[in-house]
Amino acid sequence: MQWTLVIPLKPLARAKSRLSDTAADGLRPGLALAFAQDTVTAALACPAVKDVAVVTDDTLAGRELGALGAHIVPDEPGDGLNAALAHGAAFVRSSRPESAVAALNADLPALRPLELARVLEAATEFPRAFLPDAATIGTTLLAAGPGQELRPAFGTDSRARHRTSGAVELSLTDVDSVRQDVDTGDDLRAALALGVGPRTAAMAARLLITGP
């Protein structure tokens, strides 16, 4: 099964506010863009991924991620993360109704294509499935097979909310790169320990940030 990934990205100026103890206001937008660029690059290199749709209204992010091969979908609802994901999934299925669609976080700078392929392969066994984040509280990937609504419930305690919604939790080992999203300085150091993509590595070097 080939998947279309829907990746949401808020305007860079408002992204990654919880990294304020690690990166100054002027540097956080560049760091958020680097995360997204490395995420999209790895996602497009995954053999299970047909294409990637990024839902964003940020002009710079749209230009840079589009240059990598992502389809850019304007965030027409403008009503937060879950509305953006539902809109992106609907956009994909407007032309390919039977597409398998998965929502993926934009802040997975250590993402490995083959680890992502393992997660998506496991997801094919269920109508809807999700992968919890490294903190085991949130969600980094939510998958909906052909004919299934995505029904995203990201945000606070999304692991519990996705489980309650009927999505199956994927219990996989050795897929740390798909689980390690970055919200805090500690998260970034954990991602660096796994090995991040070149754009995040360059930004981290600029900030003099290293792994644990």
Side-chain angles (χ1 to χ4, degrees), residues 1-9 35-36 38-55 68-71 81-82 84-86 88-93 96-183 187 190-191 193-197:
M1 185 183 295
Q2 290 282 293
W3 294 81
T4 293
L5 302 186
V6 179
I7 298 178
L9 183 63
F35 295 164
D38 287 335
T39 300
V40 167
T41 298
L44 286 169
C46 174
V49 173
K50 178 180 178 65
D51 52 11
V52 171
V54 175
V55 183
L68 295 176
H71 300 291
L81 176 59
N82 291 311
L85 286 168
F91 176 86
V92 169
R93 285 177 166 167
R96 300 198 309 272
E98 294 304 313
S99 292
V101 175
L104 184 72
N105 288 11
D107 57 352
L108 298 168
L111 186 64
R112 301 283 188 272
L114 293 183
E115 291 186 14
L116 176 58
R118 286 190 60 222
V119 174
L120 292 172
E121 180 181 4
T124 63
E125 300 296 321
F126 308 100
R128 291 173 65 246
F130 73 96
L131 186 73
D133 64 8
T136 69
I137 297 171
T139 303
T140 57
L141 180 142
L142 172 68
Q148 300 294 321
E149 291 185 26
L150 188 61
R151 295 168 57 198
F154 287 84
T156 304
D157 296 326
S158 66
R159 179 190 185 190
R161 294 203 291 166
H162 282 133
R163 188 189 294 133
T164 299
S165 77
V168 174
E169 181 172 335
L170 299 173
S171 300
L172 298 172
T173 60
D174 300 322
V175 292
D176 293 348
S177 76
V178 196
R179 299 182 64 200
Q180 187 57 66
D181 55 352
V182 177
D183 288 316
D187 293 338
L194 291 174
V196 297

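Across S177 and R112, no two heavy atoms sit closer than the pair OG-N, 2.9 Å. Listed here is the closest heavy atom pair of A122 and L172: CB-CD1, 4.0 Å. Residues P113 and A42 come closest through the heavy atom pair CG-O, 3.5 Å. Considering all non-hydrogen atoms of both residues, L81 and P8 come closest at CD1-CG, 3.2 Å. Shown here for P109 and T39, the closest heavy-atom pair between the two residues is N-OG1, 3.9 Å. Across I7 and A106, no two heavy atoms sit closer than the pair CG2-CB, 3.5 Å.
Distance OG1/T124 to CD/Q2: 12.0 Å, rounded to 0.5 Å. To the nearest 0.5 angstrom, L111 atom CG is 13.5 Å from F35 atom CZ. Expressed to the nearest 0.5 Å, how far CZ of F91 lies from OG1 of T4 amounts to 11.0 Å. One distance of note links OG of S158 with CG of L142; it measures 9.0 Å at 0.5 Å rounding. In this structure, CG in D176 is found 12.0 Å from CG in L108, a value given to the nearest 0.5 Å. For the atom pair OG1 (T140) and CG (D181), the distance works out to 6.5 Å, reported to the nearest 0.5 Å.
Proximity of a side-chain donor or acceptor of S99 to a complementary backbone N or O of R93 within less than 3.5 Å is not detected. In this structure, the side chain of D133 engages the main chain of I137 through a donor-acceptor pair within 3.5 Å. Distance alone, capped at 3.5 Å, places no donor-acceptor pair between the Q180 side chain and the V175 backbone.
Here the side chains of E125 and V168 are not in contact, with every heavy-atom distance at 4.5 Å or above. Using a 4.5 Å heavy-atom threshold, the side chains of L116 and L141 count as touching. Contact annotation: the side chain of N105 approaches that of F154 to within less than 4.5 Å [non-hydrogen atoms, C-beta and beyond]. Between T139 and L131, every side-chain heavy-atom pair lies at or beyond the 4.5 Å cut-off. Between D51 and R96 the shortest side-chain heavy-atom distance falls below 4.5 Å. Residues L104 and V6 form no side-chain contact, since every pair of their non-hydrogen atoms from C-beta on lies 4.5 Å or further apart.
For T136, the side-chain contact (heavy atoms from CB on, under 4.5 Å) test picks out R159, R179, with sequence neighbours left out. Partners of A123 according to the side-chain contact (heavy atoms from CB on, under 4.5 Å) rule, which considers only residues two or more places apart in sequence or in another chain, are W3, A129, A143, L170.
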Between side-chain atoms of residues 145-153 and protein atoms elsewhere (two or more places apart, or another chain), which donor-acceptor pairs fall under 3.5 Å?
unit_1: R151; atom_1: NH2; unit_2: S165; atom_2: O; d: 3.0

May I have the step-by-step check of side-chain contact (heavy atoms from CB on, under 4.5 Å) for E115 and D174, ending in yes or no?
-> CA-CA 7 Å; E115 291 186 14; D174 300 322; 5.7 Å; no
